[in-house]
Amino acid sequence: MLQIDYANLEFIHPLVREIVLAVHEEFPEADTITSLHRIGDGGVHGTLPLRATDLRCWDDDLGGRIQSWVNVRWQYDPSRPHMTACMYHKNRGGDGKHLHFQVHPRTVKL
């Protein structure tokens with residue numbers, strides 16, 4: 001169970017909220033949010049409304065399944081098909097893995 005009331009945080013972009021809640025419903029074991037808004041961040045974690053969320057995931061199989069599940073359901077930006085709505089990767093410091101969910105103004109549900 002998500003430990004915060006993610007569904008009612010108004011500063012979260014509706015599409016990133018939809019993705020994270022859908023993932024939580026499909027994969028309830030992926031429930032630890034590790035990053036939301038980052039003040040001063042020049043990327044999607046710094047936007048308002050918030051366009052990114054990270055979930056802890058140290059299980060490579062689960063991380064790969066969630067990444068695939070999300071990316072066949074949402075397209076980050078049709079004009080940049082190489083970019084995805086979900087990435088499973090190491091933290092910048094390399095000390096752990098997480099799922100990074102992101103949306104763009106042109107993100108579409110497939």
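What you are looking at is a predicted structure, and each value in this text was computed from that prediction instead of being measured.
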Quiz item: Is the Phe27-Trp69 ring centre distance short of 6.0 angstrom?
Solution: yes
Quiz item: If you group Ile, Leu, Val, Met, Phe, Trp and Tyr by side-chain heavy-atom gaps below 4.5 Å, do Leu36 and Ile19 land in one group?
Solution: yes
Quiz item: Of all heavy-atom pairs between Arg51 and Val44, which one has the smallest distance, and what is that distance?
Solution: NH2-CG1, 3.2 Å
Quiz item: According to the interplanar angle, ranging from 0 to 90°, do the rings of His89 and His98 count as parallel (below 30°), tilted (30 to 60°) or perpendicular (above 60°)?
Solution: tilted
Quiz item: Looking at Gln67 and Tyr88, what are the two nearest heavy atoms and their distance?
Solution: OE1-N, 2.7 Å
Practice problem: Output the distance between atom CG (Leu99) and atom CG (Asp54), rounded to the nearest 0.5 Å. | Solution: 8.5 Å
Practice problem: Take Tyr76 and Asn71, measure what side chain to side chain donor-acceptor pair (under 3.5 Å) needs, and give me the verdict at the end. | Solution: CA-CA 8 Å; Tyr76 178 76; Asn71 290 330; over 6 Å; no
Quiz item: Counting heavy atoms not belonging to Glu29, are there more than 12 under 6.0 Å from its CD?
Solution: yes
Quiz item: Is the shortest heavy-atom distance from the side chain of Lys109 to the side chain of Glu18 under 4.5 Å?
Solution: yes
Practice problem: Please confirm whether the backbone N or O of Leu9 pairs with a side-chain atom of Arg17, one donor and one acceptor, at under 3.5 Å? | Solution: yes
Practice problem: Not counting sequence neighbours, which residues clear salt bridge (charged side-chain N to carboxylate O under 4.0 Å, His left out) with Arg73? List them please. | Solution: none
Quiz prompt | For the student: nearest non-hydrogen atoms of Ser79 and Arg106, plus distance | solution = OG-NH2, 3.4 Å
Quiz item: Linking I/L/V/M/F/W/Y whenever their side-chain heavy atoms sit closer than 4.5 Å, directly or via other members, would Leu21 and Val72 fall into one cluster?
Solution: no
Quiz prompt | Minimum heavy-atom distance between Val23 and Phe101, given as atom pair plus value | solution = CG2-CE2, 3.8 Å
Practice problem: Find the distance between CG (Leu62) and NZ (Lys97) and round it off to the nearest 0.5 Å. | Solution: 12.0 Å
Quiz item: Is Met87 reachable from Leu50 through a run of I, L, V, M, F, W or Y residues, each pair having side-chain heavy atoms under 4.5 Å apart?
Solution: no
Quiz item: Which distance, rounded to the nearest 0.5 Å, do you find between the CZ of Arg80 and the NE2 of His104?
Solution: 4.5 Å
Quiz item: Under 3.5 Å, is there a donor-acceptor pair between the side chain of Arg56 and the main chain of Thr32?
Solution: no
Self-check item: Straight-line distance of His100 NE2 to Leu55 CG, nearest 0.5 Å
Solution: 11.0 Å
Quiz item: Quick one: do Leu110 and Val70 end up in the same hydrophobic cluster if we chain Ile, Leu, Val, Met, Phe, Trp and Tyr together by side-chain heavy atoms under 4.5 Å apart?
Solution: no
Self-check item: Common cluster, Ile12/Leu15, ILVMFWY with side-chain heavy-atom separation under 4.5 Å
Solution: yes
Exercise. Quick one: pull up OG1 in Thr53 and NE2 in His45 and give me the separation to the nearest 0.5 Å.
Key: 7.0 Å
Self-check item: Minimum heavy-atom distance Pro78-Val108, with the two atoms named
Solution: CG-CG2, 4.1 Å
